[in-house]
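Treat the numbers as computed from the prediction; the structure is a model and nothing was measured. Residues: numbered from 1 along the sequence shown.
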Amino acid sequence: MPRRRKPEVLAPAGNLRGLKTAVDFGADAVYCGGKAFGMRSAPKNLSLADFEEGARYAHKRGARVYVTLNVLPRNSEVEAMREYIGQLKDTGIDAMIVTDIGVMMMAHQIAPDIELHVSTQAGVTNYGAAQALYEFGARRVVLAREMDLQAVRDIRARIPDDMDIECFVHGAMCMAFSGRCLFSNYLTGRDGNHGECAQPCRWKYSIVEEKRPGQYYPIEQTAEGAYLFNSQDMCMLDHLDDLIDSGATSLKIEGRSKSAYYIAAMTNAYKIAVNEYMVQRGFESASGEILRPFHDCVVRPDDPDFAEFTDDTVEQNADRAFAGMPGGDMGLEFGGEAVDAAARSAGGSHLDDLSYRARSARRKSNTAEEVLPEGWHHARVRPASHVELPDWLLDEPDKVAHRDYSTGFYYPEHKVTQNTDRSAYFRAWLVVGEVLDWTPDEGGRVTLMSRNKIEAGQEIEFLLPGRAPFAYTVPAGGFRDADGHWVESINNPAHVFSMPCPEPMPHNTAIRSRTKHPTLKAE
């Protein structure tokens, strides 16, 4: 597989329109599910004919299409999976995203010319697993979302350069390890590992002691209860440089159940951020001309300057994502010497060196000298200045519906938490219309399908690919309905209207406006 010219922006799509929208707004690749064997059943998903049309559309514009086959199949589904792979291989798609090792081998045999990407569901957390999957034929691993930046560096430094590392950068987080959860299946009969998750982690819960009905423990956040498992959303827009420097080759936006507007806005934001990275780091000119080959900043063990770099904040905070408090080794002994005599008398036991290191790696940061095996070094990166993004770009994630944002587990000192007092989305902006046509008549007019009210004096924005949104104050006296009659305002959803607009606007451009009163609303 040829080396990527630049980091890939990978966008979601729940249907054919979403796929085309993602491509139009700069996605280098789009991932989507078919009518079977995908991890999302809520979207309409794509038929075989949709995949063919979508692949043609994407390839014509230099983008690629990946199909999710990442369920954990039961025995009764194996032959159906085999048949489906045989149908997919002729649609023109570029890769299949798989979890199950049997499905991976099956796809490799039936469709050897299609790339294999290993899903985050597989829970790849180390370079040994990535290397083994590479030898099995995979050309990409989607790392477990629980990995910190140092883990990304360590994997990148020790796997082949032509193996992609895909990392999530934006969207909803799952409370289960790598998304593998039985919670929904147990409570509702809807199997999360077959794309039917009811998201019970977003529900409101209260804890009551059995013999004290009606008396709530302090864990509650309101008088009604608490959303105990409701994880924050991820947003890595202002930290893409750290992730790319650390060896991520594909930047994945979550959201196959999201709207075309969400796909357009977030794909556009992350694509522009990657372009800024390439320019500010000197890989490309502002016009997109290649100045020097792209490469991450990870120092490989066989690099001649491997030992020349000192650690940084990422390495200093490495491995704390799962760690307990330093020193909390429960009285374990190392090398025959008691760590804590009092703790030993309370149940501590003697361990050999190897067992101690294994236990300590789970208990505290394994950057500690006594935990690291001889010869092991965390991968380091060549220092580089922070990539500065314009303020308007950093504001884009707040213009789609979202929960509180975090940086996931990438920075253990600032890791994701949950919002225990609510599960709804913030909504500070609304889509008020979609462009159907633009003409230069009368100084420029746009015909639109209305979604929400537009009135004179209202501040609106047109979301445009590859650039900042076009901000516009709606003038008075310029509205017409579908029959050409003058109207005072646009106040009837799902109807055609026109209004003045001096700038040419492409078909399907989203028109948005700030809400008068930001809301918390289910999506």
Under a 3.5 Å threshold, yes or no: a donor from one side chain and an acceptor from the other, between [X] and [Y]?
X: Thr21; Y: Asp24; value: no
X: Asp245; Y: Tyr277; value: yes
X: Gln316; Y: Asp312; value: no
X: Arg140; Y: Ser250; value: yes
X: Asn275; Y: Lys6; value: yes
X: His386; Y: Asp242; value: no
X: Asp154; Y: His378; value: yes
X: Asn317; Y: Glu413; value: yes

Check whether [X] reaches the backbone of [Y] with its side chain - one donor and one acceptor, N or O, closer than 3.5 Å.
X: Trp438; Y: Glu503; answer: yes
X: Asp241; Y: Val387; answer: yes
X: Arg300; Y: Pro304; answer: no
X: Asn126; Y: Ala129; answer: yes
X: Asn70; Y: Ser119; answer: no

Assess whether salt bridge (charged side-chain N to carboxylate O under 4.0 Å, His left out) is satisfied between Arg512 and Glu396, documenting all intermediate values. CA-CA 12 Å; Arg512 66 191 180 193; Glu396 284 295 294; 2.7 Å; yes
[atom2] on [Y] to [atom1] on [X], rounded to 0.5 Å:
X: Cys167; Y: Leu251; atom1: SG; atom2: CG; result: 7.5 Å
X: Ile263; Y: Met266; atom1: CD1; atom2: CE; result: 11.5 Å
X: Leu46; Y: Glu52; atom1: CG; atom2: CD; result: 11.5 Å
X: Glu115; Y: Ile93; atom1: CD; atom2: CD1; result: 11.0 Å

Centroid-to-centroid, [X] to [Y], below 6.0 Å?
X: His239; Y: Tyr410; value: no
X: Phe283; Y: His295; value: no
X: His117; Y: Tyr31; value: no

Does [X] make a cation-pi contact with [Y], if we ask for NZ or CZ under 6.0 Å from the ring centre and within 45° of the axis?
X: Arg145; Y: Phe168; value: yes
X: Arg139; Y: Tyr134; value: yes
X: Arg292; Y: Phe294; value: no

Can a salt bridge be assigned to the pair Arg380 and Asp305 using a cut-off of 4.0 Å between side-chain N and carboxylate O? no
From CA spacing to verdict: side chain to side chain contact (heavy atoms under 4.5 Å, CB included), Phe462, Val435: CA-CA 9 Å; Phe462 292 85; Val435 173; 4.1 Å; yes
The single option from Val142, Leu133, Ile165 that satisfies side chain to side chain contact (heavy atoms under 4.5 Å, CB included) with Val124 is Leu133
Evaluate the side chain to side chain donor-acceptor pair (under 3.5 Å) criterion for residues His59 and Asp94: first the C-alpha distance (whole Å), next the side-chain angles of each, then the deciding distance (0.1 Å), finally the verdict. CA-CA 10 Å; His59 294 166; Asp94 300 281; 2.8 Å; yes
Determine whether Tyr84 and Arg82 satisfy the following criterion, side chain to side chain donor-acceptor pair (under 3.5 Å), listing intermediate values before the conclusion. CA-CA 6 Å; Tyr84 190 54; Arg82 185 185 306 276; over 6 Å; no
Take Phe409 and Asp148 through the test side chain to side chain contact (heavy atoms under 4.5 Å, CB included) and record every step on the way to the result. CA-CA 5 Å; Phe409 290 95; Asp148 61 21; 5.6 Å; no
Salt bridge (charged side-chain N to carboxylate O under 4.0 Å, His left out) for Asp28 and Arg5? Distances and angles first, verdict last. CA-CA 11 Å; Asp28 301 294; Arg5 187 176 68 84; over 6 Å; no
Run the salt bridge (charged side-chain N to carboxylate O under 4.0 Å, His left out) check on Arg153 and Glu315 step by step: do they pass? CA-CA 10 Å; Arg153 297 174 177 184; Glu315 184 175 350; 5.4 Å; no
